[in-house]
2 protein chains.
Amino acid sequence: MIASLNIKQVEKISKALGDPYRLKILKIISENQNFSKCCDISAEFNLAQSTMSHHIKQLVDADLLIAGKEGRNLKFVVNKEVCTAYVDYINSLVV
Amino acid sequence: MIASLNIKQVEKISKALGDPYRLKILKIISENQNFSKCCDISAEFNLAQSTMSHHIKQLVDADLLIAGKEGRNLKFVVNKEVCTAYVDYINSLVV
DNA sequence: TAAATACATCGAAATATATAAATATTTAAA
DNA sequence: TTTAAATATTTATATATTTCGATGTATTTA
């Protein structure tokens, strides 16, 4: 369980989700079940490494991804609790 | 029931949600249960009319709001089906 | 320890978005 | 049929974001 999100967090998460590359990154990581390596994800895109780093940073800063370092690699999982809290916020607009 | 959203639609909806004013506009409309008048919503903000119009347009263009004209007023409801479809997309990242 | 790999950060250019003033359009009321 | 009210559109400017190349920092391997 996670506390409900405030409006600033919802804004940040929404911004992070408002880009096609970042949506694809999330999808790749979510489909990879376990931790996905950063360099493997980057290989799927035709973007400079610094650009990928920037996109991933936004997803991590929005708490949509949880990052873990393994040696010189970075690995990720989708943050389920934050996704759920975000979904709760959207749903609260619908009741 | 609505067809599931494609990634372009998810991107557009996320962008529309990625602004504090637009989040507040949505909240006001959702809390107002029935149709909310555009000018009443605008009165809640310290923004120029053209700016409000621009924000509301983005919410309508993203299909988050359904607009209806009543005389010279515009009224809105939250589009539940689109919210639900959006939530479904986010949830699909979590499974 | 030197070289290579993985990732982050910085600086600059291009593009997109937010905001507002001015103006236009539509509809209602006088 | 003027006039006023509600909203949209256009234009301009300020700010934010995207992207990349160059460079920096760890960490691993030769």
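Residue numbering restarts at 1 for every chain, and letters A, B, ... go by the order of the sequence lines.
Mapping A:T51 and A:N73 onto DNA chain C by nearest heavy atom places A:N73 closer to the 5' end of the strand. Summary of the strand contacts: A:K69 and A:G18 both lie near DNA chain D, and taking for each the nucleotide with the nearest heavy atom, the more 5' one is attributed to A:G18.
In this entry the distance linking CD1 of B:I41 with P of D:dA6 reads 13 Å, nearest Å. B:E70 places its CD atom 14 Å from the P atom of C:dT27, with the value rounded to the nearest Å. One can place CD of B:Q58 at 14 Å from C1' of D:dA8, the figure rounded to the nearest angstrom. In this structure, A:L74 atom CG and C:dC7 atom P are separated by 6 Å, rounded to whole Å. For the pair A:M52 CE and C:dC7 P, the computed distance is 10 Å after rounding to whole Å. Here the P atom of nucleotide C:dA18 and the NZ atom of B:K24 are 14 Å apart, to the nearest Å. For the pair B:H55 NE2 and C:dA20 C1', the interatomic distance rounds to 11 Å; values are reported in whole Å. Distance, B:I25 CD1 to D:dT7 P: 12 Å, rounded to whole Å.
Listed candidates were D:dT9, C:dA6, C:dT19. Nearest to the side chain of B:K57 is D:dT9. Nearest nucleotide to the side chain of B:R72, out of C:dA28, D:dT18, D:dT7: C:dA28. Which of D:dT9, D:dA6, D:dC20 sits closest to the side chain of A:A48 comes down to D:dC20. Here the nucleotide nearest the side chain of B:S50, chosen from D:dT18, D:dT9, C:dT17, is D:dT9.
Expressed to the nearest 0.5 Å, how far CG of A:L17 lies from CD1 of B:I90 amounts to 5.0 Å. Once rounded to the nearest 0.5 Å, the distance linking CD of A:E11 with CG of A:N6 reads 10.0 Å.
Sorted by first and then second residue, the pairs that involve residues 20-29 of chain B and meet side-chain hydrogen bond (donor to acceptor under 3.5 Å, both in side chains), not counting sequence neighbours, are B:R22-B:H55.
Looking at heavy-atom distances under 4.0 Å, B:H54 makes contact with a base. Residue B:L47 is classed as a sugar-phosphate contact, given heavy-atom separations below 4.0 Å to backbone atoms only.
Applying the side chain to side chain contact (heavy atoms under 4.5 Å, CB included) criterion to A:D88, with sequence neighbours excluded, gives A:T84.
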Please report the C-alpha distance between B:S42 and B:L47 in whole Å, then the side-chain angles of each, then the deciding distance to 0.1 Å, and finally whether the side-chain contact (heavy atoms from CB on, under 4.5 Å) criterion is met. CA-CA 8 Å; B:S42 299; B:L47 287 178; over 6 Å; no
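In this model, a side-chain donor or acceptor of A:Q49 finds a partner on the base of C:dA8 within 3.5 Å.
Put simply, B:S53 has a side-chain N or O that comes within less than 4.0 Å of OP1 or OP2 on D:dA8.
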